[in-house]
Structures are given as C-alpha cells and as structure tokens.
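Keep in mind that the numbers below use all heavy atoms, side chains included, and drop hydrogens, waters and symmetry copies. Both counts, for ligands and for their atoms, begin at 1 and track the order of listing.
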Amino acid sequence: MPELTVGLLVISDTAAADHATDRAIDTLTAVIAEANAAADLAHASYEWLVDERRIVPDDKDKIQEKIREWCDVRQLSLVITTGGTGFGLRDVTPEAVGEMLDKTASGLVHGMLAASLRITPFAVMSRPVAGIRKHTVIITLPGSPKGAKENLESIIKLLPHACVQAAGGDSRSLHSGGVRQLEAEAGLTGSATPRTNSHDRHSHLHESGGISGDDSVRSHSHSHGCGHGHHAPTPRTKQPSDELLSNELSADVTRRHRSSPYPMISVAQAHKLIAENLPLPTIIRHKVSETLVGYILAEDVTAVESVPAFRASIVDGYAVLHTDGTGIYPVVSVSHAAAGESKVLSSGEIARITTGAPLPSGATAVVMVEDTRIAEKTEDGSEELRVEVLASGLENMENVREVGSDVRAGEVILRKGTQITAIGGEVGLLASVGVQQVNVYRKPVVGVLSTGDEVVYHDREGPLKLGEVRDSNRPTLLAAICARGFNAVDLSIAKDSAETLEETIKDALKSVDVIITTGGVSMGEKDLLKPTIERTFSGTIHFGRVAMKPGKPTTFATIPSASSVKPIFALPGNPASANVTFHLFVLPALRQLSGYRENAHLPTIPVTMEHDVPLDPRPEFHRAVVRVDRGGTLVARSTGGQRSSRIGSLQGANALLCLPATSEVGDKRTRIPRGDVVSALLIGELQSLDI
Ligand SMILES: Nc1nc2c(c(=O)[nH]1)N[C@H]1C(S)=C(S)[C@@H](COP(=O)(O)OP(=O)(O)OC[C@H]3O[C@@H](n4cnc5c(N)ncnc54)[C@H](O)[C@@H]3O)O[C@H]1N2
Ligand code: MOO
Ligand SMILES: [Mg+2]
C-alpha cells in the first residue's frame, strides 16, 4: 500500500527542555491513525506513515534545519509543525516556515482557521501558514494539543490529494519518502510490496477525500497509466546522519550507535511517563460472582433491597409483647427461619421463634430460650403448650433486627474505586442486597513475548546446543501476570529479525491490550525492538533507558491503535532484570489500566537490614526476603548473588530493597550497614515469624 510519509515537528521551548511535557506527538499520531482507519474503511489505497517525530525549541534556525532535512533530503510527503504560531515574542514558526515555502497554500490556512473559529474566537490569535517546499506539503498547527487536533482533523481528508499533487503527480516521488518502500526497493527487507498503479490510487483518493472534478489529478493518472505498477524502483541514497541511524532497522553493525541515543532517566521519571501515557481504563458490566474478585468498581453501587428485608429475631426463643411482662403464656404459633406467613400475635400469647426468623406481627420483642421454662407439654411430650417467661423489663424490639438495620434499600453500599477483594466482603455485600451486575473497569489482556535467536522453549527435549538458552522469562512473567488476576496471552518466542518481530507484534496488537517483550533492547546489533516499534508501528518511545540496576535498558512505548494507544513494555532480556522491571513498572501500569488510582504502585515499607549490603553506582532494586521477627520488627535479608542473569535471586523473594546509588549517600559510603533501615517494595506476601 503506498505510504504518505509524515514528519511531526513539535516547536516548543518547554517540550524541548523536557520531552516528557509533550502531548502533541501522541495527539497528532492518534489523529493520523484515525485517518488511516477511516481510509481503510473507505478502501482508499494509501496510508499515512509517521516517519519522523522531533521536538525543537522556538528557534528559527533549528526549525529551518529540520524542514530542510525533511523536505529536501528525506522528501517526506507531509510536514506538520505544532507550536510557535501565536503572538508571543518567541513565536517564530510562521516566519521560519514561511521563508522556506516555494508556494503558499492559503486554502489550507483558511480551512484550518474556519474550523477553529467555529470552536473559539481565540482562533484569530493563531498565525498559521501552509504551503509546499519542493515536493512536500507543510502545515503549521497551533501549540495546544486540542487546537492542533481540531485543525488537523479539519483538513486531513484533503491532505492525501494535496500531497499527491505537490509530489508532482508522480507516484515515484510520492513513494520516495517511504522508508519501508525504500528498503524493499533496495532489497533490504526482502518483502517488496506490490505497488499500486497511480491510476488506482488516485481514483481511491478521489473517493476518500470527497474531491471531484479535478482535472489535474485525472489527467495525471491517465498520462502515467498502469505502467507504473511495475516501474523499475529507484533506490534513494541513505543519509548517514546519526539521527537516521538511531532507528534504522538494517544499519550495518559498523554504523550502529556507539552510545545509546535514549536519555537515561530516573525511576521516578519513568513511573511518571508510564502513568501519563497509558490509555484510560474502559468499563464493562460484570455479574456478581466469585469471578468478580480483583475488579475495581466503576460506579457507586446502591442497595436494591434492605437487609434484613423483614423484622427478624436475633436469638432462638419466644416472640412476645414486651409490655406483657413475666408469667405463663400459651405458645400459639411457631416462626422458623423460612419463607412464609406467620399468625398475628395478641397480648397474652407467645410464639416459638428461631434466629433469623420473621417476627410475627403484633410481637414487639424476643425472649431467649434460656430465660424461659416449660410450664406444660403436649400429651406426647414433644412440644410445649405453655411457657413461663422469666425475663422482666424487656425493651421494645429487644433481640429484634429492624428492617434495613444492616443495609437500607437505596443506600450506597460500595463507592466507585473500591476493589473487590479476595476476602469476599464486597461480593458478600453485593449479593446480600440483590445487586446482580456491576460496572467495573476491564482488566487488560497482556501478551508476553520472548525474543532472541538463542532462546528455546524451556521444555524442549534434549541437551542445549552451544549458545542456546532456555526461555525462563516467558513462563516467569506469565506466572506473575496470572497470579495477579490478569489475563495473559502467550505470544511465544520471536527470532531476532525485523520481519518476525513486526509480524508477531502486528498479530498481538489485534488481541491484547498490553504487550510485554523481553530481550533485544540494549546496544547489540540484534537488538531490534526499539527501531521496530518506532519505524514499523509509528510508536512513541517514551523512554529507552532508566538509571537502575537491574533493568537499565527498560523501554516503554505506545503504539497508536484504532481507538487509542496500546502500551508496549520492552523489558531487558536478562531474567532477573525482566522480573524486577515487571514488578516495578509493568504491574503498576496493569493496575492503573484496571482502575487503580493513586494506589497503583505496590506498597513500600521500611525494613531493617539483617546484614551489610553493598551499594552500586546505579540505584539498585535488591531482591530480598522480608519477615516479621519475634519482636514485631520487619527485617530484610538478601537472596544472595544479584547478577541480572540470575533468576534465582527472585526465588523466595518477597521484596525489592530500594537501595540508593553510591553517589546518593553521604560520605561516599559503599555499604548500608546491618541494622540500618531501608525502603522495600513489597512484591510478595509478608511472612510472619521466622521460617
Ligand atoms: N554495550 C552494552 N551492552 C549491554 C548494555 C549496555 O548498556 N551496553 N546493557 C546491559 C544490560 S544492563 C542488560 S540488562 C542487557 C539487556 O539486554 P537485551 O535486553 O538487549 O537482551 P538480550 O541481549 O536479548 O539478552 C540479554 C541476556 O538475557 C538472555 N535472555 C534473553 N531472553 C531470555 C529469555 N527469554 N529467557 C532467558 N534468558 C534470556 C540472553 O540470552 C542474554 O544472555 O544488555 C547488557 N548489554
Ligand atoms: O540493567 Mo541490566 O538489567 O543490569 O542487567
Ligand atoms: Mg542485547
């Protein structure tokens, strides 16, 4: 399918200083993904491919440098800028872009402004420009993600047409920006897509864009005819710039990065980026049953019925009129805890009653059987005929549960945000008041993929060949995910090839909400995950390195999907690293996606070290066993060797000690001494007493 390549340029001093503050890239990527979905539905034969995403400050030179590269060298189909179009002193986008346009496109500007003015009069404060440089269409959107989204949505249907024309009506130049196409042309991926001829494509664009009567498009498609379907490919020279190499799937090993292009961020920053970039939880209806455990309520729940629904006895004994006092009374009826009517009780009468049974009407109290004596029996001696009430001074409704005294119909019994626990209290409460279904947040379905040419199934028969490694990450993570009550999908093992990764991830995106991969995220030439996410799936890598041990190359990205975005956690291949980063980053994310709010993180508790523990230059998450000692103190002991490859460091562990980096402690200490208190992240159950 022909690709219309897009560059997204965020122009903002703030976002350039701290990429985490940027919302525009995700917003615009989602608009483009939606346009692709709509085009797909309309059977249009083109697809937008976001090929470049960059953030630059409000600096004319920096803006022009990118525009030059993307238009003149990369020959992208479309460049979208956002930001710097206001009246502020630093706002220079229209000037920077305006100077570089070969032709202006005032129609696009009018279209965007008209759409904005329908929403807010402040649209007059935007100074957009649009036009063509060489073969690339350029549009400038406002900086607010909302405004940018509205502007882009107002013209996006027309842009394929504009891009085709700007490319000179030449399908080759339209294609030339598509990197995947290029790789196919150069025989790099080995999977050249058959090209659609220009006639077909233009007639499809025609339908989807709703444009009619445009001679130039029609005559162009006519003049090139079907011949271009098999036109000899014209490979474009690759640019050896560092930026291009940063996510090049097929770069020679000599041309790969020699230092990671991903900034090293702190664990706290990583948590923030994850929390901010996850999609919102969705709501489902779920029946009240044992399978409700673990879900979080997405609504306040109101009692349908009262508990008790009738006046009920609290004890086994005799229903009486409390005003009758002590004395001998005939037993006129029996009220058992069972459905059915009972006789009206009058003064001078009593009724035998069991715990939980309805109080006969007329009765105002219950006397415990222990406070009575049989005065007369039936002839066969099986039942009492008359009973002496010994208890005096009974209160009105003594030993009676009033209607609705436990729960009143209409009362809110559970608040939105409450988790249905394994204790059973919430299920019990819901069941008791006749609530049969509740709205809860859907739990995400999580796919787990191991990657690596060396990785073999853990249950593969026979000895390992040199270099083979049994897959421990997938069984470990599947176990941890299921045990926490999430649905896991086994995505198997993918070889270290761009095609396999692409195919596997593409398939997984159809059935899972979150993807976890392990391996292939560091600096090796076979570490292909990051470029695959960026290039093939137009994903945004929110971070690719974290200052921590283990887990340094932990990567978090989102991939645009039809409805919103799908998170992908690309964890390091080392088994201990994969498990630690799962508990530290992925589990809180899964909890947030299932409706947890501020409590999405696992709890952290202060623990006392039972022995010295060495510190590392990186903040470390040291696997440990925490127990309550005989004095009631929480004490921690290391699980031993902490090498990232050693999954045994997690055997028996229930905590990760959060140890500071050597640089973070005073006096350049290299150890935490025995008896010191450190913080521990509780990843398992707390054991009481010594074991
Ligand atoms: N030059 C550099 N090399 C490395 C760096 C670095 O910064 N510069 N970081 C190191 C760190 S820290 C880690 S952690 C690892 C992470 O590597 P990857 O995520 O790329 O993972 P792989 O290279 O694919 O594998 C690493 C290791 O783990 C074994 N592995 C992988 N998958 C599995 C599995 N499913 N089950 C069991 N074992 C698995 C694999 O065989 C390797 O031994 O990179 C360092 N290198
Ligand atoms: O950070 Mo890596 O996970 O040490 O081994
Ligand atoms: Mg590696």
N/O contact list for ligand 2, threshold under 3.5 Å:
unit_1, atom_1, unit_2, atom_2, d
ligand 2, 1 (O), G551, N, 2.7
ligand 2, 1 (O), K552, N, 2.7
ligand 2, 1 (O), R618, NH1, 3.0
ligand 2, 3 (O), G551, N, 2.4
ligand 2, 3 (O), S577, OG, 2.6
ligand 2, 4 (O), S644, OG, 2.9
ligand 2, 5 (O), N574, ND2, 3.4
ligand 2, 5 (O), S577, OG, 3.4
ligand 2, 5 (O), S644, OG, 2.3

Are [X] and [Y] close enough that some pair of their side-chain heavy atoms sits under 4.5 Å apart?
X    : Y    : answer
I25  : V50  : no
P572 : T581 : yes
I672 : L615 : yes
D513 : L593 : no

Which of the atoms in ligand 1, numbered in the order shown and given with their element, are less than 4.0 Å from a heavy-atom of [X]?
X    : answer
R470 : 36 (N), 37 (C)
V521 : 18 (P), 19 (O), 20 (O)
P572 : 14 (S), 19 (O)
G519 : 19 (O), 21 (O), 24 (O)
S472 : 36 (N), 37 (C)

Proximity winner for [atom], if only heavy atoms of [options] are counted:
atom                    : options                : result
atom 25 (O) of ligand 1 : P475, G551, G573       : G573
atom 34 (C) of ligand 1 : L528, N473, T555       : N473
atom 38 (N) of ligand 1 : V456, N574, L571, V469 : V469

What is the nearest protein non-hydrogen atom to [atom], stated with its residue, atom name and distance?
atom                    : value
atom 42 (C) of ligand 1 : E454 OE2, 4.1 Å
atom 7 (O) of ligand 1  : K552 NZ, 2.8 Å
atom 5 (C) of ligand 1  : S522 OG, 3.1 Å
atom 18 (P) of ligand 1 : G520 N, 3.5 Å

Proximity to ligand 1 by part of [X], non-hydrogen separation under 4.0 Å:
X    : result
D527 : side chain
V455 : side chain
S450 : side chain

R646 (side chain) donor-acceptor with G641 (main chain) under 3.5 angstrom: yes
Does the D58 side chain pair with the main chain of D13, one donor and one acceptor, at a distance under 3.5 Å?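 Such a contact is found between D58 side chain and D13 backbone.
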Please check whether [X] reaches ligand 1 - meaning an N/O of the residue sits under 3.5 Å from an N/O of the ligand, judged on distance alone.
X    : result
R618 : no
R474 : no
D471 : yes
P553 : no
M523 : no

Parallel, tilted or perpendicular, as decided by the 30° and 60° cut-offs, for the rings of H601 and H271: perpendicular
Between ligand 1 and [X], can you find any atom pair, the residue atom being a heavy atom, that is separated by under 4.0 Å?
X    : answer
P575 : yes
S644 : no
K549 : no
G452 : no

Quick one, E534 with K530, criterion salt bridge (Lys or Arg N to Asp or Glu O under 4.0 Å). Give me CA distance, side-chain angles, the key distance, then yes/no. CA-CA 6 Å; E534 283 191 312; K530 285 165 165 153; over 6 Å; no
Would you kindly say whether [X] and [Y] are connected by a side-chain donor-acceptor distance under 3.5 Å?
X    : Y    : answer
D471 : S450 : yes
N473 : T518 : yes
H611 : S638 : no
D22  : S12  : no

Have a look at F569 and tell me which of F543, F556, F582 forms a ring pair (Phe, Tyr, Trp, His ring centres under 6.0 Å) with it.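 The ring pair (Phe, Tyr, Trp, His ring centres under 6.0 Å) with F569 is passed solely by F556 among F543, F556, F582.
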Is the number of heavy atoms from other residues, nucleotides or ligands under 6.0 Å of E664 CD greater than 12? yes
Give a yes or no on whether a salt bridge exists between [X] and [Y], defined as a side-chain N under 4.0 angstrom from a carboxylate O.
X    : Y    : value
K66  : E52  : no
R23  : E276 : yes
E610 : R627 : yes

With rounding to the nearest 0.5 Å, note down the distance linking OG in S492 to OH in Y457. 2.5 Å
Atom pair OG1 (T517) and CG (L491), whose distance is rounded to the nearest 0.5 Å: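 Answer rounded to 0.5 Å: 10.0 Å.
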I need the single residue from L464, I493, V469 that forms a side chain to side chain contact (heavy atoms under 4.5 Å, CB included) with V456. Which is it? L464
What are the protein N/O/S atoms, named by residue and atom, that sit under 2.8 Å from the Mg ion (ligand 3)? D527 OD1, D527 OD2
Assess the residue pair H458 and S472 against the criterion (side chain to side chain donor-acceptor pair (under 3.5 Å)); give the C-alpha distance rounded to whole Å, side-chain angles, the decisive distance to 0.1 Å, and a yes or no. CA-CA 7 Å; H458 74 93; S472 61; over 6 Å; no
